[in-house]
Amino acid sequence: MVYHWQSANVKISGVDDMVLLSKITEDHIVENLKKRYMDDWIFSYIGPVLVSVNPFKQMPYFTEKEINQYQGAAQYENPPHIYALADNMYRNMLIDTENQCVIISGESGAGKTVAAKYIMNYISKVSGGGPTVQHVKDVILESNPLLEAFGNAKTVRNNNSSRFGKYVEIQFDRGGQPSGGKISNFLLEKSRVVALNSMERGFHIFYQLCAGATDTMKSDLALTQPDYFYYLSQSSCYKVEGTHDAHDFQETLQAMKIIGLPAQEQDDIFRIVAGVLHLGNVMFHESGNYANISDPQMVAYPAALLEIDPELLATKLVSRVMDGKWGRQTDRIEVTLGLEQANYTKDALAKALFARLFDYLVNRVNKAMETRTDGLTVGILDIYGFEIFQQNGFEQFCINYVNEKLQQIFIELTLKAEQVRLSIYYQYFINLILEIHQSITQNQ
């Protein structure tokens with residue numbers, strides 16, 4: 001058998017595994033990654049770790065041919081690839097009957113979400129199964145466009161940045177076929193619903209709905225161009241190069257259908273999304289140190305979409321009720337809000353609506369993948385990357401901290417694994433030397 005590094009038809013670019021570099025320094029590692037990147041080799045190893053450099057273009061080696069090539073192959077038989085990592089993880093789960101996990105970390109725009117999708121796609125292809133198994137696979141794969149629509153957005157550094165963290169668990173039966181799964185989400189960037197930095201967009205679903213909704217939907221939801229909505233007009237960025245919101249909206253609808261959302265439920269979801277947009281258009285003015293709604297008609301739109309009384313909504317946006325207790329007595333006081341407080345209240349309501357809607361969608365995906373049988377699992381951790389904005393929200397601050405901790409854990413586990421491996425080699429050579437010494441002694 002001829003391996004890839006023995007073939008005359010394969011261009012050698014740098015070193016596949018950077019532990020083989022003559023000098024292990026930052027400069028040498030970066031130079032090796034650059035050399036491979038310039039020749040369109042985006043993957044490299046550092047021992048058991050796969051390093052990926054985002055090419056920002058579609059590469060030719062993610063086809064059925066590569067899936068067959070990497071299935072069941074040893075790591076050294078083929079060039080470094082995300083499929084090799086996925087296959088190694090899947091086979092270790094079956095052979096060792098142990099749960100597996102892959103941690104995908106990196107700064108924003110590094111390609112983490114795409115890497116997670118390639119791993120899920122590879123496992124889906126090689127794990128086989130009948131109609132029931134295929135349904136589980138479809139739900140796992142179609143959860144990506146659905147959650148990306150409601151949880152991804154354009155940032156300065158990334159046109160499709162995940163603004164939430166997720167941990168995907170795929171459960172397998174003893175034969176290695178997917179039997180279910182679960183998605184855990186955390187730290188959705190709720191602040192992006194109501195505030196945008198320059199040259200950024202809100203969550204994709206807002207723009208998909210405006211661009212892809214039918215005329216009937218637009219009429220029912222009172223939709224128009226994105227620049228009409230205050231929440232979306234703050235950055236003056238409405239379109240993204242290479243992104244087709246109307247087409248992506250159809251993929252979102254297809255994903256909803258596959259996970260089992262009926263038409264009425266889909267309509268309710270879009271009513272909430274549109275309600276959030278219209279809620280942002282409610283403006284206040286100050287009168288006597290108190291906030292008043294500038295145009296009461298603007299309250300009618302979100303109230304109708306959310307199916308609540310417009311007068312009640314208007315009251316709750318400019319006032320709040322405080323309960324006080326003195327002994328056995330309870331006093332209820334209605335406090336009228338100031339201009340700043342009213343804006344905070346409106347934004348808090350919009351963020352809470354969208355966050356709960358997102359949690360609901362995750363729960364619906366989990367319900368579609370639910371299984372009551374025990375089995376082995378493959379976990380994929382995909383968190384949104386380290387990024388610094390002009391104004392960092394609480395969620396981004398937390399995720400930056402998590403990224404730093406993940407890097408520490410990654411380094412610690414990698415060094416520990418190398419120490420164990422080196423100790424095995426060391427013990428092997430010590431035993432070998434002792435055997436040679438004993439053999440020489442006996443022959444004297």
Please tell me whether [X] and [Y] have a donor and an acceptor in their side chains that are separated by less than 3.5 angstrom.
X: D227; Y: Y238; result: no
X: T371; Y: T373; result: yes
X: T113; Y: E148; result: no
X: E64; Y: N68; result: no
X: R36; Y: S44; result: yes

Point-to-point distance, once rounded to the nearest 0.5 Å, from [atom1] of [X] to [atom2] of [Y]:
X: K137; Y: N121; atom1: NZ; atom2: CG; answer: 10.0 Å
X: N78; Y: Y61; atom1: CG; atom2: OH; answer: 13.5 Å
X: R356; Y: L188; atom1: CZ; atom2: CG; answer: 13.5 Å
X: E98; Y: L376; atom1: CD; atom2: CG; answer: 9.0 Å
X: Q234; Y: N197; atom1: CD; atom2: CG; answer: 9.5 Å
X: C210; Y: I205; atom1: SG; atom2: CD1; answer: 9.5 Å

Given side chains that start at C-beta, do those of [X] and [Y] come closer than 4.5 Å, heavy atoms only?
X: L317; Y: F284; result: yes
X: P79; Y: Q69; result: yes
X: L306; Y: H278; result: no
X: E26; Y: I29; result: no
X: I259; Y: K367; result: no
X: L232; Y: Y207; result: yes

Start with the C-alpha gap between V378 and M93, add the side-chain angles, then the distance that decides, and say whether side-chain contact (heavy atoms from CB on, under 4.5 Å) holds. CA-CA 8 Å; V378 164; M93 178 195 70; 3.7 Å; yes
Looking only at non-hydrogen atoms, find the nearest pair between [X] and [Y] and report the distance.
X: S108; Y: N158; result: OG-CB, 3.8 Å
X: L223; Y: A213; result: CD1-CB, 4.2 Å
X: P262; Y: R364; result: CD-NH2, 4.1 Å
X: R201; Y: R192; result: O-NH1, 2.9 Å

Under 30°, 30 to 60°, or over 60°: which ring-plane class applies to F43 and H81, parallel, tilted or perpendicular?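 Aromatic pair F43/H81 classed tilted.
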So for atom [atom1], which belongs to [X], do other residues, nucleotides or ligands contribute more than 12 heavy atoms lying within a distance under 6.0 Å?
X: K125; atom1: NZ; answer: no
X: F186; atom1: CZ; answer: yes
X: N289; atom1: CG; answer: no
X: D309; atom1: CG; answer: yes
X: E340; atom1: CD; answer: no
X: R271; atom1: CZ; answer: yes

N-O pairing of D382 and K117 below 4.0 Å: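 So D382 does not pair with K117 through a salt bridge.
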Presence of salt bridge, D347 and K351, under 4.0 angstrom: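 Between D347 and K351 there is no salt bridge, as every charged N stays at least 4.0 Å from the carboxylate O atoms.
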Say whether, by atom type as modelled, one donor and one acceptor occur between the side chain of [X] and the main chain of [Y] under 3.5 angstrom.
X: N32; Y: H28; value: no
X: E66; Y: T63; value: yes
X: S219; Y: D215; value: no
X: K112; Y: E107; value: yes

Among residues at least two apart in sequence or on other chains, which ones pass salt bridge (Lys or Arg N to Asp or Glu O under 4.0 Å) with K65?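 Once residues adjacent in sequence are excluded, K65 has no partner under the salt bridge (Lys or Arg N to Asp or Glu O under 4.0 Å) criterion.
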Please check if the distance between the ring centroids of [X] and [Y] is under 6.0 Å.
X: F354; Y: Y231; value: no
X: Y90; Y: F172; value: yes
X: F249; Y: F270; value: yes

Could you give me the CA-CA distance, side-chain angles and deciding distance for K257 and E142, then say whether salt bridge (Lys or Arg N to Asp or Glu O under 4.0 Å) is met? CA-CA 10 Å; K257 182 179 178 181; E142 289 298 327; over 6 Å; no
Can you list the residues that meet the side chain to side chain contact (heavy atoms under 4.5 Å, CB included) rule with V362, with sequence neighbours excluded?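 With neighbours one apart ignored, the set is L147, I183, N185, F358, N366.
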